[in-house]
Enquirer: 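Below is one structure. I have some questions about it.
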Protein chains: 2
Amino acid sequence: MAEEPRTARKRRAPRRAASGAAIKASAAAPPADRTAGRKRAPSAEDTALKLWVVLARAQLAVAYHAEADVARHGLTLAEFAILEVLYHRGPLLLGEVQRKILVSSGGVTYLVDRLAAKGLVERRECEHDRRARYAALTPAGEKLVARIFPEHARAIADAVSGLSKSEQQQAIALLRKLGLAASELPVEKGTP
Amino acid sequence: MAEEPRTARKRRAPRRAASGAAIKASAAAPPADRTAGRKRAPSAEDTALKLWVVLARAQLAVAYHAEADVARHGLTLAEFAILEVLYHRGPLLLGEVQRKILVSSGGVTYLVDRLAAKGLVERRECEHDRRARYAALTPAGEKLVARIFPEHARAIADAVSGLSKSEQQQAIALLRKLGLAASELPVEKGTP
DNA sequence: CTTATAAATCTCAGTACTGTAATTCTCAAT
DNA sequence: ATTGAGAATTACAGTACTGAGATTTATAAG
């Protein structure tokens, strides 16, 4: 996954380290406070930036473990996400898959192509709408997910075990609220 | 950024929608509970998976706004992160930049090359170690960051405004703890 | 000095996607 | 029937990186 010798079997996850997927969060240290000696209350922007940074870093750190787990079976997280959603919900239209796992339209095509090449997923036609196609697990795909999903769940549980169960529940509530609000928000575009 | 008509000036951020960067989090619905009628307490794995999903989605939703903001100036988040860290900390060795923004070694080279081509950053040699090089902002780079950083901070503050300030502080504490613990954790490798 | 090991950066082929445009089909309204 | 808007998928070129290895220089040990 990232510049690690292949011989290593256990290694620390990168902290602020050299490997792992790219983070795109700044290490935003708000500019040093010139009113030396006295502590100022953090501004709304300071708090928000801090939140953004720790959010990105936490996601990255957990993603690193999740990726490492699915990589053991030659899968990317996006591929695994497709397998898993088909496993838990049954056959879905490609568009539905796209919305569930949040990739681009081209992305689903590409991913389903690759999973089909591996024999894990197949396309089926939709009777009522000939534009649309279903993605469905093959027996081999079903068998694979049944085998690796529990391991994966354990890997994730491990990755987030720095938080107690009740802390995890608090975090879930906060992050759900945050994510929903941010998704609802209009995006500013334009090139000033 | 994602399958949106370029004419749109304001649009909702994708919720579980068609666009946005890829999420690699499953939409993990834990398998339906067969012990119908009675609610079972969620297992540790259920809670952990839920946390992972909302974490990934929240990060994605906020990243979407952050990306849209820096894209207005023709920058990626990784490029902006470099500009910003150099702005707030002064010239840094490439390796230091790499560790701060968490990209691969090839990534820093690539990113600094591009920022140099845009005239925003320059390489300087290191006197004590001739293997190493500094990255430093040019006057143009400095000027750019000074101008766009406050806007960016406001964009982020907006993106996370679904949470009150005290909720943001709670989230920061939880996410910091989560991120640090996950980074500390050894990564399981091997192909079973 | 010499050799070895390791650090810092760069090179470059490869990858996992994104985003635009094209294709095929549906549905509603003429 | 025809037309036209729009939905679902696919094609494909482009992008922003990653990761393994090469190169150059430093540091330590003999």
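Protein chains get the first letters and strands the later ones, always in sequence-line order, with residue 1 at the start of each. Not measured: the values here are computed from a predicted model.
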Enquirer: Return the minimal non-hydrogen interatomic distance between A/K165 and B/S43, and the atom names on each side.
Expert: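 What the structure gives for the nearest pair is NZ-C, 3.9 Å.
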Enquirer: Closest nucleotide of DNA chain D for A/L93 versus for B/R114: which of these residues is on the 5' side?
Expert: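 Nearer the 5' end of the strand: A/L93.
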Enquirer: Is there a side-chain polar atom (N or O) of A/R133 under 4.0 Å from OP1 or OP2 of C/dT24?
Expert: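 No, A/R133 has no side-chain N/O under 4.0 Å of OP1/OP2 on C/dT24.
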Enquirer: What nucleotide among D/dT9, D/dA8, C/dA8 has an atom nearest to a side-chain atom of A/L94?
Expert: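 Of D/dT9, D/dA8, C/dA8, D/dT9 is nearest to the side chain of A/L94.
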Enquirer: Are B/Y134 and B/L86 connected, step by step, through hydrophobic side chains (Ile, Leu, Val, Met, Phe, Trp, Tyr) whose heavy atoms are closer than 4.5 Å?
Expert: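 They do not share one cluster, since no chain of ILVMFWY contacts under 4.5 Å joins B/Y134 to B/L86.
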Enquirer: Do any side-chain nitrogens or oxygens of A/Y110 fall under 4.0 Å of OP1 or OP2 in C/dA16?
Expert: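 Answer is yes, contact under 4.0 Å.
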Enquirer: For the side chain of B/T109, starting at C-beta, report the closest nucleotide among D/dA8, C/dC17, C/dC10.
Expert: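 Shortest atom-to-atom distance from the side chain points to C/dC10.
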Enquirer: Tell me: CD of B/Q98 to P of C/dC10, nearest whole Å?
Expert: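 Nearest whole value for this atom pair: 11 Å.
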Enquirer: On DNA chain C, nearest-nucleotide positions of A/H128 versus B/D113: which is more 5'?
Expert: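 Upstream on the strand: B/D113.
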Enquirer: Rounded to whole angstroms, how far apart are CG on A/L111 and C1' on D/dT9?
Expert: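 Value for this atom pair: 14 Å.
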Enquirer: Can you check whether B/L111 reaches B/V97 side chain to side chain, under 4.5 Å on heavy atoms?
Expert: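 No, side chains not in contact.
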Enquirer: Confirm from the modelled atom types if B/R131 and D/dA26 form a donor-acceptor pair under 3.5 Å, side chain to base only.
Expert: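 In this structure, the two groups form no donor-acceptor pair.
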Enquirer: Base, sugar-phosphate, or nothing: which does B/G107 touch, judged by heavy atoms less than 4.0 Å apart?
Expert: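 Result for B/G107 = base.
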Enquirer: Taking donor-acceptor contacts at under 3.5 Å, does the side chain of B/T76 reach the base of D/dC17?
Expert: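 It does not, because no donor-acceptor pair links the side chain of B/T76 to the base of D/dC17 below 3.5 Å.
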Enquirer: How about B/R123 and B/L94: do any of their side-chain heavy atoms sit closer than 4.5 Å?
Expert: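 Heavy-atom side-chain distance check passes, below 4.5 Å.
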Enquirer: Does B/R130 place a side-chain N or O at less than 4.0 Å from the phosphate oxygens OP1/OP2 of C/dA8?
Expert: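 Answer is no, no contact under 4.0 Å.
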